[in-house]
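Shown next, in structure tokens, is the structure this report addresses.
Everything quoted here is computed from the prediction, not taken from an experiment. Residue numbers start from 1 in every chain, and the chains themselves are labelled A, B, ... in the order their sequence lines are given, proteins ahead of strands.
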Protein chains: 2
Amino acid sequence: MVTLAEVAHHAGVSASTVSYVLSGKRSISASTKDRVEQSIRELGYHPNAGARALASSRSNIIALMVPLRTDMYVPVMMEIAIAVATTARTHGYDVLLLTGEEGPEAVRRIEGSALADAMILMDVELDDERLPLIRETDRPAVLIGLPADPTGLTCVDLDFVATGAQCVDHLFELGHREIAVIGEAPAVYERHTGFAERTLDGLRARAREHGVRVLHRPCEGTYDALAATLARIFDERPGTTGFVVQNESAVEPLLSLLRRQGRAIPEDVSVIAICPDQVATQASVRLTSVAIPAQEMGRQAVEQVVAKLRGQGADEVALLVPELTVRASSGPGPAK
Amino acid sequence: MVTLAEVAHHAGVSASTVSYVLSGKRSISASTKDRVEQSIRELGYHPNAGARALASSRSNIIALMVPLRTDMYVPVMMEIAIAVATTARTHGYDVLLLTGEEGPEAVRRIEGSALADAMILMDVELDDERLPLIRETDRPAVLIGLPADPTGLTCVDLDFVATGAQCVDHLFELGHREIAVIGEAPAVYERHTGFAERTLDGLRARAREHGVRVLHRPCEGTYDALAATLARIFDERPGTTGFVVQNESAVEPLLSLLRRQGRAIPEDVSVIAICPDQVATQASVRLTSVAIPAQEMGRQAVEQVVAKLRGQGADEVALLVPELTVRASSGPGPAK
DNA sequence: TTGAAAGCGCTAACAA
DNA sequence: TTGTTAGCGCTTTCAA
């Protein structure tokens with residue numbers, strides 16, 4: 001292994017000079033700098049991560065806690081994780097992948113061992129067990145997702161309240177007055193996942209304003225479950241003409257079942273999906289949708305965390321503005 | 001921050017004793033051990049990762065290189081990554097998430113900086129740029145996937161040749177004599193992704209043995225692309241009665257299009273998917289499928305890498321035996 | 001603009 | 001069974 005001392009010797013300078021060339025924390029003459037950089041390249045030197053962490057008490061690692069479950073939004077999770085990793089690299093950080101399995105203990109472990117300088121938490125629940133620890137620690141942390149009480153926390157998320165509202169607006173403007181919402185699996189609501197409830201809040205509030213009726217049904221992403229849900233919806237509200245789907249795996253079953261029932265999209269019913277663009281464009285009908293900006297969320301989380309590591313960022317909730325893209329699945333509602 | 005020295009003082013022993021209690025590398029009297037462990041708990045001590053890595057030259061970190069693209073098998077990737085992370089934890093390792101973005105340089109960086117003790121590479125291509133470096137390094141490495149030349153490498157993968165063969169066997173036994181293979185997107189074949197080509201090899205070889213005709217068509221996962229592909233297939237081989245799909249996003253379009261054409265599953269055509277069980281069971285028809293055992297692959301990769309870190313494992317290719325599950329999408333072929 | 005040297009917190013010989 | 005101590009490779013203060 002090549003050490004800093006070896007580089008120093010090879011370049012004919014002291015160890016500290018090499019260190020300062022690397023960190024740029026002190027001005028170095030051009031010639032010395034060149035010589036050192038030359039030696040670094042020739043010897044293929046890489047600073048030892050452990051030694052560096054020990055001496056500087058900074059590991060240059062950001063911990064990313066992903067949820068253990070893979071029952072929801074998996075591609076979104078993956079996209080966020082990858083965006084986090086690549087963005088982190090552009091700032092000189094590596095990413096440590098932690099699963100939710102360890103629970104709050106993971107936060108303590110990272111903090112105690114100084115394994116990571118900061119953390120990013122995904123899939124935060126409304127009343128997440130890890131939050132008290134996060135509030136106490138002085139390690140910068142950013143949440144992807146929004147808990148019930150974000151006081152003293154930094155959060156990045158899509159504005160799901162506005163998302164819900166936009167969906168209602170769009171359907172309302174098209175003339176729809178009875179809307180059904182196909183939601184995530186019941187378990188998702190039972191564990192009070194923030195985005196699902198906030199979407200619902202946004203939907204309902206706006207629906208009330210417009211005098212639109214809303215029916216919400218959580219639903220597993222299987223054909224059978226969806227068939228049952230759909231039957232119930234049309235039983236209870238035969239006049240339903242607008243659908244909002246927030247459940248990736250329910251999208252295709254919904255489209256397929258509506259077709260089988262002879263309901264044309266968008267002539268008879270309109271469908272809006274809340275999902276990544278990829279899902280919306282690859283579906284059997286090109287779906288009008290509000291995009292889930294996974295990459296952007298990952299990127300912003302890292303930017304925030306890096307700012308905090310530099311002592312710049314302040315606690316704040318950054319809600320990304322939802323964008324509704326009109327495609328082929330929404331059209332005018334019933335003539336009055 | 002609580003240090004080992006503080007624990008030692010609190011317990012009234014020397015630093016090394018605490019260290020040995022932690023590592024178990026030396027026998028300690030029960031009473032001393034108890035006292036030390038008590039102190040550790042009381043003080044909430046966690047060993048400093050940097051210091052430990054520096055002193056022991058082991059970071060207890062495994063690097064996981066995931067592909068940058070998210071165009072393929074995303075849920076599988078995520079499942080593998082999570083399995084890797086959780087399995088690693090059971091062995092006391094953490095996981096560093098690297099994207100393919102850095103390319104081979106990442107291997108050098110990890111090696112040079114001693115950031116990780118070992119690496120696991122996902123989505124290995126047949127002639128992967130990183131392989132020469134992996135062969136040279138003395139850091140244990142395990143590939144998930146199989147390159148063209150696995151000499152001197154340790155690999156874990158599903159036996160895709162056998163997978164292809166099993167699909168043909170099943171269809172052959174049911175009486176099908178003309179089979180079409182809906183493959184991954186053309187780009188996947190162009191970059192010579194091992195599993196796709198190996199599946200094809202297995203399919204074709206077994207088909208030859210049985211005297212079954214095979215047509216292979218790479219295909220994007222959109223409805224339009226699939227519609228075109230399907231039309232071409234039935235033009236060229238009107239007698240096609242068996243389908244093998246190896247493309248998650250093509251599954252639902254395929255089922256839907258076949259239905260629209262009035263081809264009943266499994267009465268008129270049989271469909272076998274090569275995909276995670278979750279996809280097979282959630283599709284509109286419960287699909288006969290060969291499962292992609294993502295968790296198992298991740299788990300085994302970690303077990304292998306940990307064995308190597310202990311100086312136990314040897315280079316070998318571990319091919320998981322594919323399992324075909326008969327569900328509702330395959331049935332008897334045309335009467336002769 | 002550069003160098004010398006004192007740690008950072010831990011591990012693992014070496015001693016007892 | 002336990003203690004003492006010399007580093008691991010780097011950062012950073014202090015000195016020049």
Side-chain angles (χ1 to χ4, degrees), chain A residues 1-37 39-40 43-61 92 94 109-117 309, chain B residues 1-37 39-40 43-61 92 94 109-117 309:
Chain A
M1 213 188 76
V2 187
T3 68
L4 184 146
E6 290 171 341
V7 174
H9 182 250
H10 185 271
V13 298
S14 74
S16 60
T17 298
V18 177
S19 176
Y20 283 119
V21 167
L22 249 34
S23 68
K25 288 186 180 174
R26 164 198 262 191
S27 54
I28 307 278
S29 73
S31 72
T32 305
K33 195 177 169 195
D34 285 352
R35 215 143 22 90
V36 170
E37 286 174 342
S39 298
I40 287 176
L43 301 179
Y45 169 73
H46 287 268
N48 180 286
R52 180 171 261 191
L54 179 56
S56 67
S57 43
R58 280 177 295 104
S59 64
N60 287 302
I61 289 179
D94 273 293
R109 193 168 64 86
I110 296 305
E111 159 119 55
S113 66
L115 235 179
D117 301 331
L309 283 167
Chain B
M1 211 189 78
V2 187
T3 69
L4 185 146
E6 291 170 342
V7 174
H9 181 252
H10 185 272
V13 297
S14 73
S16 61
T17 297
V18 178
S19 175
Y20 284 119
V21 166
L22 250 34
S23 69
K25 287 185 180 172
R26 167 199 256 191
S27 54
I28 307 277
S29 73
S31 73
T32 305
K33 197 176 166 196
D34 284 352
R35 213 143 23 88
V36 169
E37 286 174 343
S39 298
I40 288 177
L43 302 179
Y45 168 73
H46 286 270
N48 180 286
R52 180 172 260 188
L54 178 57
S56 66
S57 45
R58 280 176 295 103
S59 64
N60 287 304
I61 288 178
D94 273 293
R109 193 168 64 85
I110 295 306
E111 160 119 56
S113 66
L115 235 180
D117 300 332
L309 282 167

Letter by letter from the 5' end, nucleotides 10-15 of chain D scores (B base, S sugar-phosphate only, - none; protein heavy atoms under 4.0 Å) BBBBB-
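- Looking at Asp94(B), Ile110(B), Asp117(B) one by one, the single match for side chain to side chain contact (heavy atoms under 4.5 Å, CB included) with Ile61(B) turns out to be Asp94(B).
- Between the side chain of Ser19(A) and the main chain of Ala15(A), no donor-acceptor pair closer than 3.5 Å is present.
- Side chain of Glu37(A) to main chain of Asp34(A): no donor-acceptor pair is present (N/O by atom type, distance under 3.5 Å, no hydrogens or angles).
- Taking atom NE2 of residue His9(A) and atom P of nucleotide dG3(C), one finds them 13 Å apart after rounding to whole Å.
- Within 6.0 Å of NE2 in His9(B) there are 12 or fewer heavy atoms belonging to other residues, nucleotides or ligands.
- Val18(B) pairs in a side chain to side chain contact (heavy atoms under 4.5 Å, CB included) with only one of the listed residues (Ile28(B), Thr32(B), Leu4(B)), which is Leu4(B).
- Across all strands, Ser57(B) comes closer than 4.0 Å to no nucleic acid atom at all (heavy-atom distances).
- Atom CG in Leu54(B) sits about 11 Å away from atom P in dT11(C), given to the nearest Å.
- Regarding Ile28(A), its CD1 atom lies at a distance of 7 Å from the C1' atom of dT1(C), rounded to whole Å.
- Side-chain N or O atoms of Ser59(B) include one that pairs as donor or acceptor with a backbone N or O of Leu115(B) at under 3.5 Å.
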